[in-house]
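First the structure, in the form of structure tokens, and then the observations on it.
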Amino acid sequence: MENNFVYPPPQHFKENALVKDDTLYRRAAADRLNFWAEMAEGLDWFKKWDKVLDESDAPYYRWFVGGKLNVSYNCLDRHVNSFRRNKAAVIFEAEDGSNVTLTYYQLFREVNRFAAVMQQMGVQKGDRVVIYMPMVPEAVMAMLACTRIGAIHSVVFSGFSTEALYKRINDLGAKLLVTVDGATRRGKFIPLKENAQQAIEACGCIEKILVVRRLGNIVQMQPGRDYWYHELVGQVPLYCSPAEMDAEDPLFLLYSSGTTGTPKGILHTTAGYLVGVYTTYRYVFDYHEEDIFWSTSDIGWITGQSYIVYGPLANGATIVIFEGTPDYPQRDRFWEIIEKYGVTVFYTAPTAISTFMQWGTAWVKKHDLSSLRLLGSVGEPIKPDTWLWFYEHIGQKRCPIVDTWWQTETGMIMISPLPGITALKPGSATLPFPGVEVQIVDDQGRPLPDNEAGHMVITSPWPAMLRTLYNDPERYEKAYWKQFPGCFYSGDGARRDEDGYIWILGRLDDVINVSGHRLSTAEIEGALVRHTGVAEAAVIGRAHEIKNQAVAAFVTLKEGVLGTEELREELKNLVVKEIGAIARPDDIYFTAELPKTRSGKIMRRLLRDIAEGRALGDTSTLLDAEVIANIKKSYEGEG
Ligand code: 7RM
């Protein structure tokens, strides 16, 4: 872990950087709320706020109380009314290599009409709209259109299964679903509308489906329920006036895995979220007007919401949206795109970088990456050797790397270098962003000395923080605010070194991180026990060279059921069906019993030790030591 190399910002980068000194840190430290108010001045408000932060009903914090604004106005109208009118907003690269560029004016027009279509379909302020779409510009338009009329969007990753979609729609009580006829992934056809339809029919709350034509495949349309976007868009006005939203009006919901089988509907509201992503995009990515910014995430994840859509567009940046995958048609697709559009800032995940490392540098060398000036990493801890490869082969030792720590809950980047001033240490996310306050504490909540590992907590509210969990305020309080009263519990372990740099160690709870995607062990267990042959299941994340973690399941079967290879496949497929391909277990171990504490809790820590081939940790709370010996035996037999 320990790495003694420190990388100060290169001179040429420093000279041109937006932040050249520690003024932001000093201003935030002197008066945090005033700092955020200053940042909020960067947005356009219909009415200024009366109070920056209201803590009277904590943990239901309210930011920019009394302020009125509209998110789509801030992402579009104000740029259209400026020199950015004809600047590229979106460069879209389709999987087949075709591309479209939309200027701010064009995007503005499209979003206005999209909003008018939704309005005509009966969507009103406060209604929930589910967006189940691949990475196409219409997905971004649908999001912005919702914000224009005050509808609350919830994007569901298009790789999620019908069952996962069903769960989310049902929790939301959504009225409208926006999808496409079909999508392609690595050239393979995916009937998105048909998948969505199955979920909807099981739910009952969705009144209408709006279908954007993407592939032109034949789909069954039910009159009165299903509408083609291209048929409605010709009948609506070109302009739809932006709704005046309250600072604390809900903006969007995004489901994220927690420690139980039910995903959490994380709620973000209007002003605080926008101020947070606007500010962090600007300073972390050292925003320059001429940048071409590419975040390889999907809009179904918070990284896509905050740093493909809202942060960049609120700043008037040019973004790349890519429909495909890094290995299709060949393993140099990302480098080809960087070369093709002259991408200047490239933001991706450690898993992707490890994969590229494995594919080898020959793919990289085929392309001119000289346009790049800054790199970013997000989603998992980045190993120092992965960091160094990224630095050397992609950044060509010229580009700083911003390792950004944050969560769906935090909405915005919380820990990150400011690339013009922060000396980088490979593997460390470095320092809290100005105005963000973090501490490392022990189990009792006592601050720990330097270099001791503990829980990472956030000690004061920040503007883009989640406001609650949809329909479940009790869970909101319990999951985030009860563990260490007054502090936000991140679920991550970390240590702080003698320079104040933070080293994230990963999740300490039952959330696992596979290729930067958050999965709940309980949710996968829930899927496994749906099989009639399964008595009990325990799922863990075990270390994986490329994916950060891989899903490993320990399964006990009912009397008389045989643990065959077929059953193993069946169980893996069941998880894919219930959750999606990202949750597919790598390993399934059949075992007679599971290790439990006296209170009946499965001891996942011990299973992790077994799966990773380590000496067993503390077994003193284990009820029956025999169980572990047996699992170990069967594991070694199979492993
Ligand atoms: C943005 C995002 C959040 C979890 C978080 C961490 C892990 C994210 C980093 C990281 C180490 C990083 N949101 N995580 N970024 N760990 N270094 N730079 O990923 O809600 O999907 O996941 O991801 O464990 O708690 S998320």
Side-chain angles (χ1 to χ4, degrees), residues 1-3 257-259 348-359 377-390 403 405 407 425-429 453-456 490-495 502-525 528 537-555 568 571-572 575 579 581-591 594-595 602-619 628 631-639:
M1 259 314 259
E2 218 60 51
N3 186 305
S257 297
T259 54
T348 194
T351 296
I353 306 165
S354 310
T355 308
F356 304 142
M357 272 172 86
Q358 216 181 37
W359 290 348
S377 166
V378 62
E380 318 140 56
I382 183 166
K383 294 188 205 87
D385 65 326
T386 311
W387 194 101
L388 289 168
W389 187 90
F390 198 31
D403 176 357
W405 178 90
Q407 308 177 304
K425 298 188 189 185
S428 169
H455 304 272
M456 189 166 72
S490 71
D492 276 330
R495 72 179 170 87
I502 292 167
W503 298 76
I504 311 287
L505 305 168
R507 302 290 302 198
L508 296 175
D509 56 12
D510 294 331
V511 172
I512 59 182
N513 185 316
V514 178
S515 301
H517 299 311
R518 256 169 80 167
L519 298 170
S520 140
T521 52
E523 203 178 351
I524 303 172
E525 286 159 7
L528 289 168
V539 165
I540 55 141
R542 68 154 168 86
H544 186 279
E545 193 52 38
I546 302 281
K547 300 195 282 191
N548 183 43
Q549 288 188 306
V551 177
F554 292 80
V555 172
R568 197 172 266 134
L571 290 175
K572 287 183 182 179
V575 174
I579 301 168
I582 49 172
R584 183 185 180 88
D586 275 42
D587 320 313
I588 291 188
Y589 301 108
F590 295 120
T591 155
L594 293 172
I602 294 172
M603 296 184 76
R604 289 202 179 71
R605 185 170 49 76
L606 293 182
L607 294 175
R608 232 172 356 249
D609 287 342
I610 294 172
E612 292 173 1
R614 258 195 312 274
L616 295 186
D618 181 14
T619 55
I628 275 292
I631 297 177
K632 257 194 113 167
K633 246 182 265 156
S634 64
Y635 175 82
E636 277 151 11
E638 285 162 5

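Of the possible polar contacts, one joining the R518 side chain to the S257 backbone as a donor-acceptor pair under 3.5 Å is found. In this structure, the side chain of S520 engages the main chain of A522 through a donor-acceptor pair within 3.5 Å. A distance-only check finds a donor-acceptor pair linking the side chain of S428 to the backbone of I502 [under 3.5 Å].
Remark: D510 CG to E525 CD distance equals 7.5 Å, nearest 0.5 Å. Note that the CZ atom of R568 and the OH atom of Y589 stand 8.5 Å from one another [nearest 0.5 Å]. Rounding to the nearest 0.5 Å gives a distance of 7.0 Å between CG of D586 and NZ of K572. K383 NZ to L388 CG: the interatomic distance, rounded to the nearest 0.5 Å, is 13.0 Å. Atom NE2 in H455 sits 6.0 Å away from atom CG in L508 (nearest 0.5 Å). Once rounded to the nearest 0.5 Å, the distance linking OG1 of T351 with CD of Q549 reads 10.0 Å.
The two atoms that bring A583 and L519 nearest to each other are CA-CD1, 3.9 Å, heavy atoms only. In this structure, N548 and N513 approach most closely via the heavy-atom pair ND2-O, 3.2 Å. The shortest non-hydrogen separation linking P350 to V378 is CD-O, 3.3 Å. The two atoms that bring Q407 and S490 nearest to each other are NE2-O, 2.7 Å, heavy atoms only. The two residues L594 and A537 come nearest to each other via the heavy atoms CD1-C, 4.0 Å. Closest approach of V539 to A553, counting heavy atoms only: CG2-CB, 3.9 Å.
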- [ ] Evaluate the criterion side-chain contact (heavy atoms from CB on, under 4.5 Å) for residue pair I512 and I540; output intermediate values, then yes/no.
- [x] CA-CA 7 Å; I512 59 182; I540 55 141; 5.9 Å; no
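Two residues are said to be in side-chain contact when any heavy atoms from C-beta on lie closer than 4.5 Å; P381 and L505 fail this criterion.
Annotation: W387 is not in aromatic contact with F390 [ring centroid separation under 6.0 Å not met].
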